[in-house]
Number of protein chains: 2
Amino acid sequence: MSEDADRQTFSPTRKSLPIMLLRAREAVMFRIRPMLRQIGVTEQQWRVLRVLEESGELDVSTLAERAAILGPSLTRILKTLREVGYIDVRRDRDDRRRSLASLTPAGATLIASAADDSAAVFAAIHAEFGTERTQALLRELDALTEVLGESGPDTAD
Amino acid sequence: MSEDADRQTFSPTRKSLPIMLLRAREAVMFRIRPMLRQIGVTEQQWRVLRVLEESGELDVSTLAERAAILGPSLTRILKTLREVGYIDVRRDRDDRRRSLASLTPAGATLIASAADDSAAVFAAIHAEFGTERTQALLRELDALTEVLGESGPDTAD
DNA sequence: CCCATAAAGTTAACGTGTTAAATAAATGCG
DNA sequence: CGCATTTATTTAACACGTTAACTTTATGGG
């Protein structure tokens with residue numbers, strides 16, 4: 001009743017790359033959310049804090065790129081994080097179009113307080129799915145992103 | 001300046017499973033969005049229509065599960081899709097708590113009109129990343145979802 | 001030096017993600 | 001049968017995703 005005849009017009013949604021990536025991400029996030037709730041930040045706020053902890057002071061564009069968050073979302077997130085005191089934002093003296101964000105001591109403390117819980121979650125995932133298998137999956141995801149990122153339908157010409 | 005000493009508290013964000021799944025999904029969606037824009041539906045609306053095309057009439061809970069969309073979002077999406085005439089929604093006679101959604105002819109026509117474009121996009125992805133490699137990645141994503149889905153921090157007791 | 005153009009962020013508008021609470025219908029038990 | 005408890009869905013509130021338009025600052029050519 002759903003298919004015209006004996007030919008599948010689309011691959012089943014169970015085998016669709018976008019949906020499977022979404023499902024896998026959901027499964028992982030399900031393990032992580034309890035920790036995030038505990039410290040009172042959203043998943044995206046956590047990514048921003050993590051990137052700043054990893055890279056130090058960054059301009060908004062680079063931060064957006066590394067945290068995989070779009071500009072408009074990041075503007076709102078930075079506003080919130082600044083209001084609660086986890087980050088500082090200042091203007092770049094040399095190029096006054098740029099904003100530079102950095103972690104405050106309070107932000108660094110927050111991240112440190114979640115380190116053990118975070119490690120435990122990922123240790124559990126490695127234990128259940130396999131450390132090597134997880135690493136291999138990460139490599140494949142990175143490869144897929146690289147391959148598709150080089151040229152797209154909007155980059156054709 | 002970012003790390004306390006010589007020990008990495010967190011794995012680099014470049015190797016974080018949640019972030020890599022997000023990046024990979026973004027890379028794939030970047031190829032698909034032009035088609036969705038053309039037919040005037042969002043990514044989530046498209047998933048709902050695809051699932052209904054694949055499975056026929058479904059109750060809201062099952063539809064949410066298969067389209068990987070949460071209940072509250074689906075309520076809004078179904079309202080929109082009904083208003084533009086792509087789906088019908090009715091009450092289940094046997095269990096009046098349930099709503100049943102199904103594709104209208106207009107909805108089926110919309111999907112059919114995008115079939116060729118959709119196939120072309122996925123053919124391109126298979127060509128660039130490899131058909132076998134893509135299949136293998138899908139299997140790993142499914143496996144990860146299964147492994148993590150069986151028990152979680154909220155299912156421990 | 002002046003202006004057109006580009007670049008970096010922000011604002012705006014609308015749709016979705018996420019959690020908690022509310023509504024409504026079905027179920028089970030005394 | 002009557003009511004407390006579940007189940008299915010919706011509503012509400014706030015945060016983020018996405019695209020387009022806008023503001024401000026840099027840059028380059030005349």
Side-chain angles (χ1 to χ4, degrees), chain A residues 18-19 21-23 25-38 40-49 58-65 67-84 86 89-101 154, chain B residues 18-19 21-23 25-38 40-49 58-65 67-84 86 89-101 154:
Chain A
I19 291 184
L21 288 166
L22 192 58
R23 284 187 190 288
R25 200 179 129 70
E26 246 313 290
V28 174
M29 289 315 300
F30 185 77
R31 303 299 189 92
I32 300 177
R33 284 202 190 100
M35 181 231 304
L36 296 179
R37 288 197 63 154
Q38 193 119 37
V41 299
T42 68
E43 174 191 340
Q44 292 83 357
Q45 291 166 358
W46 177 248
R47 287 210 302 275
V48 169
L49 295 175
L58 284 180
D59 65 277
V60 171
S61 297
T62 305
L63 179 52
E65 163 73 25
I69 292 175
L70 292 177
S73 293
L74 188 52
T75 293
R76 291 177 301 224
I77 293 168
L78 293 181
K79 180 171 178 291
T80 301
L81 290 177
R82 190 179 46 188
E83 286 171 357
V84 298
Y86 292 148
V89 180
R90 67 185 183 89
R91 273 297 204 247
D92 186 329
R93 295 296 174 196
D94 299 330
D95 184 343
R96 297 164 60 103
R97 290 172 302 183
R98 290 182 195 282
S99 289
L100 300 176
D154 292 346
Chain B
I19 289 184
L21 287 165
L22 192 56
R23 284 187 190 287
R25 200 180 130 69
E26 245 313 289
V28 174
M29 288 316 299
F30 184 78
R31 304 299 190 93
I32 299 177
R33 284 200 191 102
M35 181 230 305
L36 296 179
R37 289 198 63 153
Q38 191 121 36
V41 298
T42 67
E43 173 192 337
Q44 293 83 354
Q45 291 166 357
W46 177 249
R47 288 210 302 275
V48 168
L49 295 174
L58 284 180
D59 65 277
V60 171
S61 296
T62 306
L63 179 54
E65 162 75 25
I69 291 174
L70 293 177
S73 293
L74 188 51
T75 295
R76 292 177 299 221
I77 293 168
L78 293 180
K79 180 170 178 291
T80 301
L81 290 176
R82 189 178 46 188
E83 285 171 357
V84 297
Y86 292 148
V89 180
R90 66 186 183 87
R91 270 310 207 238
D92 186 329
R93 295 298 174 193
D94 299 331
D95 184 343
R96 297 164 59 104
R97 290 172 303 184
R98 286 182 149 80
S99 289
L100 300 176
D154 293 346

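Keep in mind that this is a model prediction, so the values were computed, not measured. Here is how names work: the chains are called A, B, and so on, in the same order as the sequence lines, proteins then strands, and each is numbered from 1.
Rounded to whole Å, the distance from CG on A:L63 to P on C:dT10 is 11 Å. Rounded to an integer number of Å, the gap from CD1 of A:I69 to C1' of D:dA15 is 11 Å. Summarising the geometry, the separation between NZ on A:K79 and P on C:dG9 is reported as 18 Å, rounded to the nearest angstrom. In this structure, the CD atom of B:E83 is 14 Å from the P atom of C:dC14, given to the nearest Å. Atom CZ in B:R97 sits roughly 8 Å away from atom C1' in C:dT27 (whole-Å rounding). For the pair B:L36 CG and C:dG15 P, the computed distance is 15 Å after rounding to whole Å. A:E65 has its CD atom 13 Å from the P atom of C:dA8, to the nearest Å. Atom pair B:D59:CG and D:dT7:C1' shows a separation of 12 Å (rounding to whole Å applied).
Within 4.0 Å (heavy atoms only), A:R37 reaches sugar-phosphate atoms of the nucleic acid but no base atom. Within the nucleic acid shown, A:L74 has no heavy atom closer than 4.0 Å to any nucleic acid atom.
Distances from the side chain of B:T75 to the nucleotides C:dT18, C:dG15, D:dT11 place D:dT11 closest. Residue B:I77 places its side chain closer to C:dT16 than to any other of C:dT16, D:dG17, C:dA25. Here the nucleotide nearest the side chain of B:Q45, chosen from C:dT10, C:dT16, C:dT18, is C:dT16. Counting only heavy atoms from C-beta on, B:L70 has its side chain closest to C:dG17 among C:dG17, D:dG17, C:dG15. The side chain of B:R76 sits closest to D:dA13 out of D:dA13, D:dT18, C:dG15.
Interface remark: the A:R96 side chain does not form any donor-acceptor pair with the C:dG9 base, using a distance-only criterion of under 3.5 Å.
B:Q45 is not listed as a side-chain neighbour of B:V48, based on a closest heavy-atom distance of 4.5 Å or more. In this structure, the side chains of A:R76 and A:K79 stay at 4.5 Å or more apart for every pair of heavy atoms. A heavy-atom distance below 4.5 Å is not found between the side chains of A:D92 and A:D59.
Across the interface with DNA chain C, nearest-nucleotide mapping of A:R33 and A:V60 shows A:V60 to be the residue nearer the 5′ end. Comparing A:L22 and A:D95, the nucleotide of DNA chain C nearest to each residue sits closer to the 5' end for A:D95. Along DNA chain D, the nucleotide closest to A:G71 and the one closest to B:R91 are compared, and the more 5′ of them pairs with B:R91.
For B:S73, a side-chain nitrogen or oxygen approaches OP1 or OP2 of C:dG17 to under 4.0 Å. Between B:S99 and D:dA8 there is no side-chain N or O to OP1 or OP2 distance below 4.0 Å. A close approach under 4.0 Å does occur between a side-chain nitrogen or oxygen of B:Q44 and OP1 or OP2 of C:dG17.
With respect to A:I77, the side-chain contact (heavy atoms from CB on, under 4.5 Å) criterion is satisfied by exactly one of A:V41, A:L63, A:I69: A:I69.
Interatomic distance, CD1 of B:I19 versus CZ of A:R47, reported as 6.0 Å (0.5 Å rounding).
For the residue pair B:R91 / B:S99, a side-chain donor-acceptor distance below 3.5 Å is found, with atom types taken as modelled.
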